[in-house]
Number of protein chains: 2
Amino acid sequence: MIRILLVDDHAVVREGYRRLLERRADLRVEAEAASADEALQRLREFTPDLIVLDLSLPGMGGIELARRILQRQPDARILAFSMHRDPLFASQAMRAGALGYVTKSSSPEVLIQAVYKVARGERILSPDIAPEMALTLLQEKANPASELSPREFEILRLLLDGRGVEEIGNLLNISPKTVQNGHYQIKAKLGVKTDIELARLAMKLKLID
Amino acid sequence: MIRILLVDDHAVVREGYRRLLERRADLRVEAEAASADEALQRLREFTPDLIVLDLSLPGMGGIELARRILQRQPDARILAFSMHRDPLFASQAMRAGALGYVTKSSSPEVLIQAVYKVARGERILSPDIAPEMALTLLQEKANPASELSPREFEILRLLLDGRGVEEIGNLLNISPKTVQNGHYQIKAKLGVKTDIELARLAMKLKLID
DNA sequence: TTCAACCCGGGCAAATTTCCCGACGGTTTT
DNA sequence: AAAACCGTCGGGAAATTTGCCCGGGTTGAA
């Protein structure tokens with residue numbers, strides 16, 4: 001029996017996954033969480049065999065949540081999923097410690113298989129992005145955003161959301177100063193001068209809209 | 001005989017318009033210019049009956065050029081054209097003093113008619129955007145960017161281009177300080193807090209990409 | 001173990017942002 | 001004609017951010 005914690009901010013999505021997963025007798029969604037904070041709360045109550053985690057959480061976001069979970073429980077097994085087909089999200093999630101990544105458009109079988117594999121401690125990548133991902137990693141510098149560390153990526157996401165530096169500091173529990181430094185680093189790494197260029201670049205990379 | 005100054009940075013486009021216009025015996029493209037500076041130069045050499053002006057000039061941009069022309073020759077007759085179907089560009093161009101506005105996708109007849117009308121001092125609007133424009137003006141506040149003065153609009157355009165405040169100051173021959181104030185005003189008028197939100201809003205309004 | 005990378009944040013000078021202000025020249029209103 | 005606006009242009013001053021350098025703590029890999 002694999003006990004699962006399911007984290008997504010949309011109730012319908014949670015319901016859908018619950019149905020899907022529980023068609024297998026040996027899978028059980030032990031708890032759900034609609035936010036990062038709630039997820040951390042549930043984790044204080046019990047320790048699932050597997051955490052299925054939507055990357056696009058409001059607030060601190062899925063990557064930051066993964067970071068925090070792994071900080072407390074370094075052996076936690078996290079399967080990340082997201083609507084983004086862009087390899088960038090996958091690589092950031094994996095770098096942050098997720099064992100697997102699947103897109104929301106993946107077929108039910110793919111998801112089920114991913115769940116089993118991650119529960120066993122294996123790594124897995126959604127087949128629909130794997131080829132593109134491999135290519136991206138080969139070219140390496142193709143996407144300048146791949147130079148960003150997971151943390152920087154997280155800060156960037158919040159900046160793109162229109163948040164102020166102060167607010168981001170609170171959200172991530174770090175000093176505004178660190179956020180400023182991150183902001184600066186991001187612009188430097190992406191070779192961009194103004195925030196507006198940053199937004200446009202992000203748009204081109206499809207991190208936005 | 002109507003003597004015309006044609007301003008567009010693309011040689012092919014100029015050529016196309018020249019052909020089109022000179023099929024009429026009473027229209028004559030007396031001079032061409034590929035940039036704002038060049039246009040101002042030509043205007044020192046002669047005074048056309050009509051100026052046909054692409055709004056999307058590199059550098060200072062068409063609206064600013066119109067402003068400068070009208071500053072020297074308040075009775076100059078300017079027909080603006082642009083690829084943008086968005087009424088915003090039209091209204092800004094008219095507010096800056098252009099007598100007419102047509103889109104680049106307008107039919108040859110429309111353009112020819114516009115030329116004659118503007119040369120006569122009449123005002124004209126491209127039929128393909130007129131309805132939308134009227135609706136926009138009715139709703140008025142529909143588009144928050146309509147609150148921007150022509151000058152602010154111009155500054156915004158350059159900011160969205162990724163230019164720095166200093167650079168814009170040089171381009172528009174105003175103090176960087178004024179640009180800063182403009183930048184501040186723009187954000188205030190659009191109800192936006194960060195530059196990134198500004199970029200996203202601009203994107204939504206299709207002023208960008 | 002050493003090394004590199006990431007995360008965190010202090011420091012500090014220089015630049016920018018934020019707001020408020022006055023001046024000038026047009027337009028419109030009365 | 002006077003008054004009331006509006007847009008443009010910019011100064012001033014305080015608050016904030018930027019740009020860049022630093023060092024210390026972790027962690028994972030060579």
Side-chain angles (χ1 to χ4, degrees), chain A residues 60 63-64 66-68 70-76 91-99 123 140 145-156 158-159 163-198, chain B residues 60 63-64 66-68 70-72 74-75 91-92 94-97 146-156 158-159 163-198:
Chain A
M60 75 170 67
I63 292 179
E64 167 68 7
R67 257 178 46 90
R68 294 206 194 176
L70 290 166
Q71 188 176 312
R72 301 195 197 298
Q73 306 172 18
D75 56 348
S91 80
Q92 292 295 343
M94 302 294 268
R95 282 225 271 161
L99 278 180
R123 295 161 66 79
E140 203 59 17
S146 54
E147 303 204 339
L148 298 181
S149 72
R151 188 48 135 192
E152 285 160 354
F153 193 73
E154 196 63 18
I155 292 175
L156 174 57
L158 292 166
L159 285 170
R163 319 257 187 173
V165 171
E166 195 76 33
E167 196 182 355
I168 295 178
N170 296 334
L171 236 36
L172 300 183
N173 270 323
I174 58 181
S175 145
K177 179 63 193 185
T178 301
V179 179
Q180 283 175 0
N181 282 333
H183 186 185
Y184 169 68
Q185 266 300 118
I186 290 167
K187 289 200 283 184
K189 283 190 179 177
L190 298 187
V192 115
K193 204 79 173 57
T194 70
D195 279 356
I196 289 179
E197 288 179 285
L198 182 61
Chain B
M60 75 170 68
I63 292 179
E64 168 68 7
R67 255 178 47 89
R68 294 207 194 176
L70 290 166
Q71 189 176 314
R72 300 195 197 298
D75 57 347
S91 79
Q92 291 294 343
M94 302 294 267
R95 281 226 269 161
S146 53
E147 302 201 340
L148 298 181
S149 72
R151 189 46 135 195
E152 285 160 352
F153 193 75
E154 197 63 18
I155 291 175
L156 174 57
L158 292 165
L159 285 171
R163 320 258 187 170
V165 171
E166 195 75 33
E167 196 182 356
I168 296 177
N170 296 334
L171 237 34
L172 301 184
N173 271 323
I174 58 183
S175 147
K177 180 63 193 186
T178 303
V179 179
Q180 284 175 1
N181 283 332
H183 186 184
Y184 170 68
Q185 267 298 118
I186 290 167
K187 289 200 280 185
K189 283 190 178 177
L190 298 187
V192 116
K193 203 76 176 62
T194 70
D195 279 356
I196 289 180
E197 288 181 285
L198 182 61

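The chains referred to below are lettered A, B, ... by the order of the sequence lines, with proteins before strands, and numbering in each begins at 1. All values reported here derive from a predicted model rather than from experimental measurement.
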OP1 or OP2 of C/dC6 under 4.0 Å from side-chain N/O of A/Arg67:
no

To the nearest angstrom, how far is A/Phe153 atom CZ from C/dC7 atom P?
13 Å

Any B/Leu156 side-chain heavy atom under 4.5 Å of B/Leu198 side chain:
yes

Would you kindly give the NZ-to-P distance between A/Lys177 and C/dC7, to the nearest whole Å?
17 Å

Short N/O separations, protein against nucleotides 23-25 of chain C, under 3.5 angstrom:
none

Does this structure show an ion pair linking A/Lys193 with A/Glu197, if we count only N-O contacts that are shorter than 4.0 Å?
no

Separation of A/Glu166 atom CD from D/dT16 atom C1', in whole Å?
11 Å

To the nearest Å, how far apart are B/Arg95 CZ and C/dG26 P?
19 Å

Take atom CD1 of A/Ile155 and atom C1' of D/dT17, then tell me their distance rounded to the nearest Å.
15 Å

Salt bridge flag under 4.0 Å for residues A/Glu154 and A/Arg151
no

Smallest separation among heavy atoms of A/His183 and A/Asp195, with atom names
NE2-OD1, 2.9 Å

Whole Å only: how far is the CG atom of B/Asn173 from the P atom of D/dC9?
10 Å

Nucleotide C/dG9, atom P - distance to CG of A/Asn170 in whole Å:
12 Å

Tell me if a side-chain donor or acceptor on B/Glu64 pairs with a main-chain N or O of B/Ile155 at a distance below 3.5 Å.
no

What distance do A/Gln185 atom CD and A/Glu147 atom CD have between them, rounded to the nearest 0.5 Å?
10.5 Å

Counting only heavy atoms and a strict 4.0 angstrom limit, can you tell me which residues of residues 178-194 of chain A come near DNA chain D?
A/Gln180, A/Asn181, A/His183, A/Tyr184, A/Lys187

Kindly indicate whether the side chain of A/Lys177, heavy atoms from C-beta on, has any atom under 4.5 Å from the side chain of A/Asn181.
yes

Rounding to an integer number of Å, can you tell me how far A/Asp195 CG sits from D/dT17 P?
11 Å

Between the main-chain N or O of B/Leu148 and the side-chain N or O of B/Lys189, is there a donor-acceptor pair closer than 3.5 Å?
no

Quick check against the 3.5 Å criterion: does A/Glu152 have a side-chain atom that pairs as donor or acceptor with the backbone of A/Ser149?
yes

State which of C/dC8, D/dC9, C/dT17 makes the closest approach to the side chain of B/Val165.
C/dT17

